[in-house]
Structures are given as structure tokens and as C-alpha cells.
Amino acid sequence: MKKNRLEAFTDAIVPIIMTVLVLELSGPKTYSWQGLWDMREELMSYAISFFLLAVVWGNHHHMFLLVKTIDGFVIWSNTLLLFFLSFVPFATAIVDADHQSLFGSQLYTLLFIAINLSWNLLRISLVRANKSVAVLVRTLKRDPKSIYTLFAFIAVFLISFYWHQFGMIGTFIVMLLWVMPYLKIEEAAKRL
């Protein structure tokens, strides 16, 4: 399989997930500024989830810039990542149902732990399939940012036992590490 097919598949699924996320939004009880203000928590959780999906998609794009080979392990690793990403609207809806719920907060963080683990599996599968692409291997083989992210998500999960609102907010803060994608890969791709 050419990498373009896998990228196109991912590029189709992520916007669908984002669309489902917006379709989960209910309209304001009254069509007024007060009605909009009353749904501020729901709008905030929507914005956070949308941003997080965009960050994952952008980093996915950068990670694939230098990829030459796709094998079955890469396909299934990517599919697992998409599987967990598809639960973002579900977890967001649970958070929206009760913003005071410890369960919703922790479920959201656990979902991003699963997304991080599947991201790492995809990263490892790409290194394994693309051993001849030196920059890709150097950048992705030992990616400290992915490991820091995993430990940070675990910390957010544990903190949420004491401050349950921190689950979604903490997940957002951790994902800010990923706003800047793999710069080494981007610089190498510009030289091609």
C-alpha cells in the first residue's frame, strides 16, 4: 500500500470525528447571549476536544512526511489510533452530561492515555517499516515527547481524584506539548 492511501483514509476519518463532535452540541435553551453563556461549559469542552483532534491530525501529517513504506503493522497501528480518536465525541458527551463527574473527567483522560499508547505503537511501526529513512528513524525511534506525554496523562488522571475538573483541562495542557510538530522531520522534508 502507498502511504497516500493511509493518509487519505486518516484525513477522511478525523474530519468525520470532528463533525460528530459538533453534531453532539445541543442548541442553547434560549436564542440569546445569555442562552449561549449558559452552555459555556459545553462549548469549552467542544473547543478542547476539537483542538486536541486537530493537534493529533497535524502531528500525524508531519510524522508521515518522510514515510516511504507502509506495512500491515503500520496499517493496524494507524487503525487503532483512529479507533481511539473516534471515542472523543463519546467521552466529550459524557463530560458534558455532568461537568462535576469524576467518572467523565477520568474517562476523558484515560481515552487520551489510550490515544497516546496507540500513537506510540504507530510511531514504533513506522520506524520498523522505514529503517532506511535515517531522519525518520532518528526522530521517532526514541521520542521523549511521547514518553513525557504518557507520564503527564497518568499524572493528570491521578490529580483528577483530588480535583476532578482537571481531567479535561490537564489533558488540554499536556497536548500543548504537541502544538509544535516534529520539526526535524519538517526541516528534512523541506530539503527534499
Side-chain angles (χ1 to χ4, degrees), residues 6-7 10-11 13-15 17-18 21 41 43-67 74 77-92 94-95 102 104-128 130 133-190:
L6 187 67
E7 287 178 301
T10 302
D11 288 349
I13 297 297
V14 173
I17 296 167
M18 291 171 151
L21 187 64
E41 290 176 335
L43 291 170
M44 181 61 73
S45 61
Y46 163 76
I48 288 171
S49 293
F50 189 92
F51 171 79
L52 296 179
L53 287 166
V55 167
V56 172
W57 175 80
N59 278 278
H60 187 278
H61 168 72
H62 276 82
M63 188 164 55
F64 273 77
L65 283 174
L66 301 177
V67 168
V74 171
S77 300
N78 193 75
T79 302
L80 185 65
L81 175 65
L82 292 174
F83 172 76
F84 286 119
L85 288 175
S86 72
F87 279 100
V88 170
F90 174 74
T92 304
I94 290 173
V95 169
L102 174 63
S105 175
Q106 289 184 333
L107 178 68
Y108 197 85
T109 304
L110 283 173
L111 176 60
F112 273 87
I113 289 172
I115 289 169
N116 178 266
L117 290 171
S118 60
W119 178 270
N120 279 301
L121 186 64
L122 177 59
R123 180 179 59 80
I124 290 164
S125 70
L126 286 171
V127 167
R128 197 177 124 220
N130 291 274
V133 185
V135 175
L136 183 80
V137 171
R138 270 195 316 273
T139 304
L140 297 181
K141 188 169 187 176
R142 289 186 181 88
D143 180 20
K145 187 163 64 169
S146 294
I147 304 306
Y148 299 151
T149 302
L150 178 60
F151 286 114
F153 281 147
I154 292 169
V156 168
F157 179 78
L158 295 174
I159 291 168
S160 70
F161 278 105
Y162 303 100
W163 179 25
H164 70 273
Q165 295 93 339
F166 190 65
M168 186 175 251
I169 295 165
T171 300
F172 173 77
I173 291 168
V174 171
M175 286 300 289
L176 288 175
L177 290 169
W178 290 90
V179 170
M180 293 303 295
Y182 294 109
L183 295 177
K184 290 179 189 172
I185 292 176
E186 187 173 338
E187 290 167 10
K190 285 178 186 175

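Computed from a predicted model, the values in this text were never measured in an experiment. Just so it is clear, the values below take in all heavy atoms, side chains as well, and ignore hydrogens, waters and symmetry mates.
- Partners of Phe51 under the side chain to side chain contact (heavy atoms under 4.5 Å, CB included) rule, at least two apart in sequence or in another chain, are Val55, Phe172, Leu176, Val179.
- At least one side-chain heavy atom of Val14 sits under 4.5 Å from a side-chain heavy atom of Leu82.
- Asn120 pairs by the side chain to side chain contact (heavy atoms under 4.5 Å, CB included) definition with Asn116, Arg123, Ser146, not counting sequence neighbours.
- With a 4.5 Å cut-off on side-chain heavy atoms, Val67 and Glu7 do not count as touching.
- Scored by the side chain to side chain contact (heavy atoms under 4.5 Å, CB included) test, Pro181 finds Asn59, His62, Glu186 as partners (sequence neighbours excluded).
- The stretch residues 79-92 participates, sequence neighbours left out, in these side chain to side chain donor-acceptor pair (under 3.5 Å) pairs: Ser49-Thr92.
- The two residues Ile17 and Leu85 make their nearest non-hydrogen contact at CG2-O, 3.5 Å.
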Please list every donor-acceptor pair under 3.5 Å in which a side-chain atom of residues 151-160 meets a protein atom from a residue at least two apart or in another chain.
unit_1	atom_1	unit_2	atom_2	d
Ser160	OG	Gln106	NE2	3.3
Ser160	OG	Phe157	O	2.5

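- More than 12 heavy-atom neighbours from other residues, nucleotides or ligands sit within 6.0 angstrom of NZ on Lys145.
- Rounded to the nearest 0.5 Å, atoms OG (Ser77) and CG (Leu126) are 7.5 Å apart.
- With a 4.5 Å cut-off on side-chain heavy atoms, Leu136 and Val127 do not count as touching.
- In plain terms, the two heavy atoms of Thr109 and Gly167 that are nearest each other are OG1-O, 3.2 Å.
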- request: Decide side chain to side chain contact (heavy atoms under 4.5 Å, CB included) for Asn78 and His60; before the verdict, give the C-alpha distance in whole Å, the side-chain angles of both, and the deciding distance to 0.1 Å.
  value: CA-CA 10 Å; Asn78 193 75; His60 187 278; 2.5 Å; yes

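- Residues Phe64 and Leu122 are in side-chain contact: their nearest non-hydrogen atoms beyond the backbone lie under 4.5 Å apart.
- Between atom OH of residue Tyr148 and atom CG of residue Asp143 there is a gap of 9.5 Å, rounded to the nearest 0.5 Å.
- Qualifying ring-ring contact (aromatic ring centres under 6.0 Å, His included) partners for His164, counting only residues two or more places apart in sequence or in other chains: none.
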- request: Determine, step by step, whether Ile113 and Leu150 satisfy the side chain to side chain contact (heavy atoms under 4.5 Å, CB included) criterion, reporting the C-alpha distance in whole Å, the side-chain angles of both residues, the deciding distance to 0.1 Å, and the verdict.
  value: CA-CA 6 Å; Ile113 289 172; Leu150 178 60; 4.0 Å; yes

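- Residues meeting the ring-ring contact (aromatic ring centres under 6.0 Å, His included) test with Phe84, sequence neighbours left out: none.
- Applying the side chain to side chain donor-acceptor pair (under 3.5 Å) criterion to Ser118, with sequence neighbours excluded, gives no partner residue.
- With sequence neighbours left out, the salt bridge (Lys or Arg N to Asp or Glu O under 4.0 Å) criterion links Glu41 to no other residue.
- For the atom pair CZ (Phe112) and OG1 (Thr171), the distance works out to 7.0 Å, reported to the nearest 0.5 Å.
- From Asp11, atom CG reaches atom CG of Leu6 across 9.5 Å, with rounding to the nearest 0.5 Å.
- Remark: Ile169 engages Ile173 in a side chain to side chain contact (heavy atoms under 4.5 Å, CB included) (not counting sequence neighbours).
- Note: Leu80 CG to Ile115 CD1 = 10.0 Å, rounded to the nearest 0.5 Å.
- With rounding to the nearest 0.5 Å, the separation of OG1 in Thr139 from CE in Met63 is 11.5 Å.
- The ring-ring contact (aromatic ring centres under 6.0 Å, His included) check on Phe50 picks up Tyr46, with sequence neighbours excluded.
- Within 6.0 Å of atom CZ in Phe161, more than 12 heavy atoms from other residues, nucleotides or ligands are found, so the atom counts as buried in its surroundings.
- Looking at Met175 and Ile48, their side chains never come closer than 4.5 Å, going by heavy atoms from C-beta outward.
- Under the rule for a ring-ring contact (aromatic ring centres under 6.0 Å, His included), Trp57 has no partner lying at least two apart in sequence or in another chain.
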